[in-house]
Each structure stands twice: as C-alpha cells, then as structure tokens.
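For reference, the structure discussed in these notes is given below.
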Amino acid sequence: MILSAFLPLLALPLASAFYLPGTAPRDYLQGEKIDVFVNTLTPMLNSKLHSLISHDYYDPRFHFCQPPGGPVKQSESLGSILFGDRILTSPYEISMMQNSTCQMLCQSSVPKEDAKFINDRIKEDYGLNFIIDGLPSSEMKRDSKTGEIFLDAQGFNLGDDETIPDLPALNNHYDIYIQYHARDSRHFRVVGVLVYPRTVNSMVSGSREPDCFASQPFHLSEATNNEFYYSYSVSFIPSDIPWGLRWDAYLHVFDPKIHWFSLVNSLVIVGFLVFMVAMVLYRTISKDISRYNAIDLSEDVQEDYGWKLVHGEVFRLPSRPMLLSVMVGNGSHLVMMCIVTLVFALFGFLSPSNRGSLATVLLICWTLFGCVSGYASSRTYATLGGDLWKQNLVLTTILFPTVIFSIIGLLNLFLVFASASGAVPFGTILAILLLWFLISAPLSVAGYFWGMKHGAFENPVRVSSIPRQIPPKPWYLKTVQAAILGGILPFGAAFVELYFVLSSLFGNRAYYAFGFLFLTFIVVVLTTATVTVLFVYFVLCAEEYRWHWRSFMIGGGSAFWLFAYGVWYWASRLSLDSFTSMVLYFGYLFLFSLLDFLVGGSIGYIATYFAIRRLYSSIRVD
Ligand SMILES: *[C@@H]1O[C@H](CO)[C@@H](O)[C@H](O)[C@H]1NC(C)=O
C-alpha cells in the first residue's frame with residue numbers, strides 16, 4: 001500500500017532525469033524571438049537519389065542570405081558532426097505568435113557562373129534543412145498505404161525542376177508554419193515545423209518590396225547575372241499536440257506490416273534452422289555416440305566413419321592463427337558494440353531531439369568495448385596454439401582500426417576535394433583518434449592481459465601425430481562456395497530491415513523502428529551461428545577437418561550478399577551523377593561489408609568452436 005503510493009513520487013525525479021541536455025521543453029512568451037538554424041543541404045530521395053554529397057548552407061556559391069555579422073556555428077555532438085550536420089545561425093526573424101506575410105530576407109545576386117551550380121543542385125533534388133526549436137523543418141505527407149498523416153523531415157526542395165523540364169526554378173520564398181501548443185495564455189511551446197517553399201519572380205520594377213504573390217516562377221539565368229529577393233511568411237497554427245509527443249508525427253514507421261511480415265518470416269527460418277541443428281546435434285549424433293561408445297564384441301566391429309574419423313585432426317592447428325584470432329577479436333568487439341547500442345536504442349535513450357545520438361552511442365560503445373577485442377583475441381590465439389603473443393596483441397589493437405580509419409580517411413579526402421560539407425572536420429578526427437589511442441587501445445591491451453590470465457580453452461581430444469589424407473569433397477563444401485551458400489540465410493533474415501535502414505539513411509530520415517531492428521539482429525546472430533555449425537558438421541562428415549577458417553568464412557558469408565545487394569541497390573534505386581558520389585557509395589559499401597564479414601565470421605567461429613568441443617568431448621576415444 002505504502003509502496004504503491006510512493007511509487008509515482010519516485011518515478012517523478014526519474015522521469016525528469018531522463019531528459020538529456022537540449023531536450024527540456026522551452027516556453028516562449030508572446031513575441032519572444034525564435035531562432036532558426038540552418039543545416040547542410042542534402043540530396044532528397046524521391047524516386048531516385050542523385051548524389052551522396054551534402055553542401056554547407058553558406059557555401060559561397062549558393063549566395064543564401066547571411067545574418068548581420070556573419071553566421072555563427074552551433075556546438076554539436078560528435079555523432080551529429082559525423083552524420084553530416086553543420087548547424088549555423090540564420091537571418092530569419094520569427095517571433096512567437098506573430099504572423100507575418102511576405103517578409104523580405106535579403107536581396108541576393110547570383111553571378112552566371114554560380115547559377116549553373118545552383119541549377120545543377122536543383123536538378124539533383126537537393127533539399128534545405130532548417131531547425132527550429134530543435135525540430136527539423138518538414139513537409140506534411142500522407143502515407144499512401146495507411147492513409148496516416150505524418151511529417152517528413154527530408155528537408156524541402158531547393159528548387160523545382162519538374163513543372164517545366166530542363167528549366168529549373170529556384171524556390172526563393174518559404175511559407176513557414178509553426179505549430180504551437182499554448183500552455184496558458186502567456187506561454188507557448190513549439191510542437192511542429194512545416195515549410196513549404198515556392199518559386200516566385202517577386203522583383204517588381206520600381207518597387208523596393210518583394211511581391212510574393214506574383215504568378216511567374218523565378219529561373220536563374222546562366223547567361224546573365226541574377227538579382228532577386230529571398231522572402232518568407234510565417235504563420236502560427238494552434239495545435240493540441242503536447243510538447244512531450246511532438247516527435248511522434250515525425251517518427252512514422254512506414255509499412256509496419258512489412259516489418260512484421262519479414263520478422264515472422266525470419267523467425268520461421270530461424271526456428272527451422274535451430275530445429276535442424278538440434279536434430280543433427282542431438283539425434284544423429286547421440287545415436288552415433290552411443291554406437292561409437294558401445295563396447296561391441298560381436299564380429300562386425302564398428303568402423304569409425306564421418307566426423308568421428310577426424311577426431312585426431314579437428315584440433316590440428318589451422319594456418320595463419322594470428323590473423324584468425326585478430327579477426328575473431330575485432331569481430332567480437334563489433335558484435336558487443338552492436339548489441340549494447342541496440343539495447344540503448346530499444347529503451348529509447350536515442351531521443352531524436354539529440355541529433356546524432358545513434359552515432360555518438362556507437363562511438364562510445366566502440367571505445368569502451370576495446371577490451372572485448374583484446375580478451376577474445378588472446379584466448380583464441382592461445383587456443384590456436386600461437387606463441388607470438390606480443391605481435392598478436394599489437395595487431396589486435398591496431399590492424400583493423402587502422403584499416404577502417406584509412407578507408408574513412410580516404411573517403412574523407414574525396415569529400416574535401418569535392419568541397420562538400422560531409423567531410424569530417426579536423427577537430428573531430430583528432431577527437432576520434434584521441435578516443436582510440438587514449439581509451440580504446442589501452443582497454444584492448446588490458447583485455448588482452450585479462451584473456452591471457454584465463455588462457456587457452458582445453459581441447460577435449462588429442463591431435464594425432466600424422467595428418468590424415470583428405471578425400472575429395474562435393475563442390476558445395478569448398479570454402480568459397482560454402483561461404484556464399486551459408487550467407488544466404490542470415491542475409492535473407494536481415495534483408496527487408498536492411499532495405500528500410502538504407503531508405504531512411506539515404507532519405508535523410510531518422511530510423512526509429514529499433515524494436516524491429518533489435519529482433520532482426522538477434523535472428524541474424526542465431527541464423528549465422530546455426531548455419532555455420534550445420535555446414536561445418538557436413539564438412540567434418542566429409543572428413544575435411546580444416547574447419548577453423550571455413551567456419552569464419554561461412555559465418556561471414558552474408559557480407560558477400562550484402563555487397564551484391566548494395567550493387568543492386570545502386571543500379572536500381574540510385575542514379576549517382578558524380579564520380580565522388582560513386583566513390584563514396586562503394587567505399588562505404590565495402591566498409592560495411594568488411595564489418596559485416598568480421599561480425600558474422602566471429603559469430604560463426606565462436607559458435608562452431610563450442611559446438612565442436614561439445615561434440616568431441618562426448619565421444620570416447622581409445
Ligand atoms: C496566424 O495565421 C493562421 C492562418 O494562417 C491563423 O490560423 C492564426 O490564428 C494566426 N495566428 C495569429 C497569432 O494571428
């Protein structure tokens with residue numbers, strides 16, 4: 001009784017403690033100034049995506065109006081910068097509850113050289129992104145499938161190249177609608193921001209005021225210099241949405257049915273697989289084991305066959321134990337990072353009002369779980385009988401981070417040359433390097449020593465002195481073929497969710513179906529583990545005992561499909577015009593496939609190792 005009376009009280013400070021900085025509500029008085037921040041211009045995903053490069057709002061070639069005294073950079077989180085946000089002040093003057101019509105922002109002039117640049121960006125469907133009271137500018141849309149109304153924060157069009165083909169018109173007037181929620185007669189909160197851009201040839205000769213209702217569109221001429229006005233109107237629209245729910249309209253989950261369908265689909269696959277493995281491991285094998293172990297004194301003495309035959313070989317050391325253990329270590333590190341990030345996301349810690357919080361949490365998890373890579377690598381290496389532990393320690397700590405940073409660094413160089421704003425600024429790079437050197441690397445070393453203390457896993461059977469001959473095996477058990485075949489199922493389980501993640505990534509929309517993503521991830525982990533164990537069982541039955549690398553390759557086989565899918569997505573959904581965009585796309589695709597390979601491979605290897613240990617410790621060897 002007493003407890004239940006106190007519980008709501010206890011919950012109060014907890015609930016308010018959940019507000020991370022920058023997410024507390026802000027009350028505006030009537031007439032109080034509301035800041036408008038501008039973010040980078042990003043390509044919009046309408047039917048096709050034409051570019052992957054974002055541009056600074058104040059890129060001098062755009063000639064957007066600047067605030068008096070120049071724009072001021074806003075501080076942002078690391079993740080937000082990595083995801084391409086560059087947030088600056090703007091000259092818009094908006095006051096709470098004060099409607100205005102056709103206010104002039106500035107008179108801009110675009111020389112003919114830059115007109116071409118702007119027209120090209122219009123043809124590539126670039127969109128502008130404003131941020132008002134932490135909310136992104138959005139368009140109101142209706143989901144064609146469910147009929148629900150939602151706010152699409154993809155940005156709003158820089159111009160219009162559809163009304164008259166080949167003659168792009170510049171949107172130089174913005175109708176800004178701010179939805180407010182009145183707390184009382186004096187305090188108001190912003191709960192929605194809508195921007196509808198228009199093109200209007202508002203310059204009237206003889207007048208110093210723009211005419212925002214002129215019927216002519218405005219085209220930038222590439223033959224002469226252009227003079228025109230930027231203008232805007234503001235309307236405050238009352239709304240019943242309380243402040244706490246203002247993000248709901250933005251976090252629209254497209255086609256929840258398809259998410260469910262795909263999830264159920266994958267669950268069926270996984271159920272089937274787990275059943276298969278259970279069958280194989282517990283029926284066939286227990287039968288085998290009882291037969292192997294039966295003291296059979298009858299005449300037909302049981303010959304060893306199948307996987308039992310190679311009991312003297314399964315724990316024979318594989319080639320390149322160094323590389324294998326480094327890959328298993330780094331893969332486990334990434335698995336851990338993904339799981340913890342997804343759990344954070346699931347519990348709603350990645351609030352959309354903290355821009356870039358997903359990337360920030362990923363980065364923090366990556367830094368802190370450095371110890372996992374050291375631990376997993378040292379134990380794997382010891383188990384594989386390696387004795388060059390110092391080399392192993394150094395390689396575990398620096399090999400893959402260096403590869404990954406080099407790829408990202410190269411792509412960043414490309415962005416710098418394209419003078420795009422997606423390029424990560426020097427300060428951020430320095431911060432990440434510091435995180436790596438000062439926190440992640442020492443943790444990895446600590447994890448390594450901790451792993452050395454635990455030492456190697458003991459193998460349940462001894463290795464025979466003379467290696468057996470390996471009979472020829474069917475084509476589908478050869479390493480590459482097996483990896484490609486084995487990768488189909490984990491990839492198939494993730495495929496639909498991957499489509500949504502890609503669409504929201506390229507559509508510049510936040511992805512918030514984290515529940516689905518989490519379940520999908522679990523399904524993928526289970527599928528990878530079971531498929532690998534199953535394949536390795538077949539491999540051992542074919543008297544091929546070199547399973548270590550095979551299990552890693554089969555587990556990582558989904559990376560092959562991921563890459564192939566990326567190529568297909570590029571061919572069918574994207575039409576990237578510039579070389580830089582292509583390089584970026586394929587660079588990141590390669591990077592993600594590599595990470596997927598490490599993650600899947602180490603799941604496959606670890607699952608198989610324990611399955612094999614279990615298998616061979618249950619037989620009796622004379
Ligand atoms: C502003 O204009 C909208 C319509 O455009 C109207 O509904 C609203 O009441 C006006 N607000 C004020 C404060 O005048």
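Both counts, for ligands and for their atoms, begin at 1 and track the order of listing.
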field: Residue and atom name of the nearest protein heavy atom (relative to atom 9 (O) of ligand 1), distance in Å to one decimal
entry: F236 O, 4.4 Å
- prompt: I87 and side chain to side chain contact (heavy atoms under 4.5 Å, CB included): which partner among F130, F37, Y57?
  reply: F37
statement: ring pair (Phe, Tyr, Trp, His ring centres under 6.0 Å) with Y177: of Y196, F236, Y232, only one passes, and it is Y196
task: Please work out whether the ring planes of F117 and H55 are parallel, tilted or perpendicular, with thresholds of 30° and 60°.
output: perpendicular
- prompt: So does D175 pair up with R198, basic N to acidic O under 4.0 Å?
  reply: yes
message: Can you report which non-hydrogen protein atom sits closest to atom 13 (C) of ligand 1, along with the distance?
response: M97 O, 3.4 Å
Within-cut-off N or O pair, N99 and ligand 1, under 3.5 Å: yes
- prompt: Can you tell me which residue and heavy atom of the protein come closest to atom 5 (O) of ligand 1, and the distance to 0.1 Å?
  reply: S235 OG, 3.7 Å
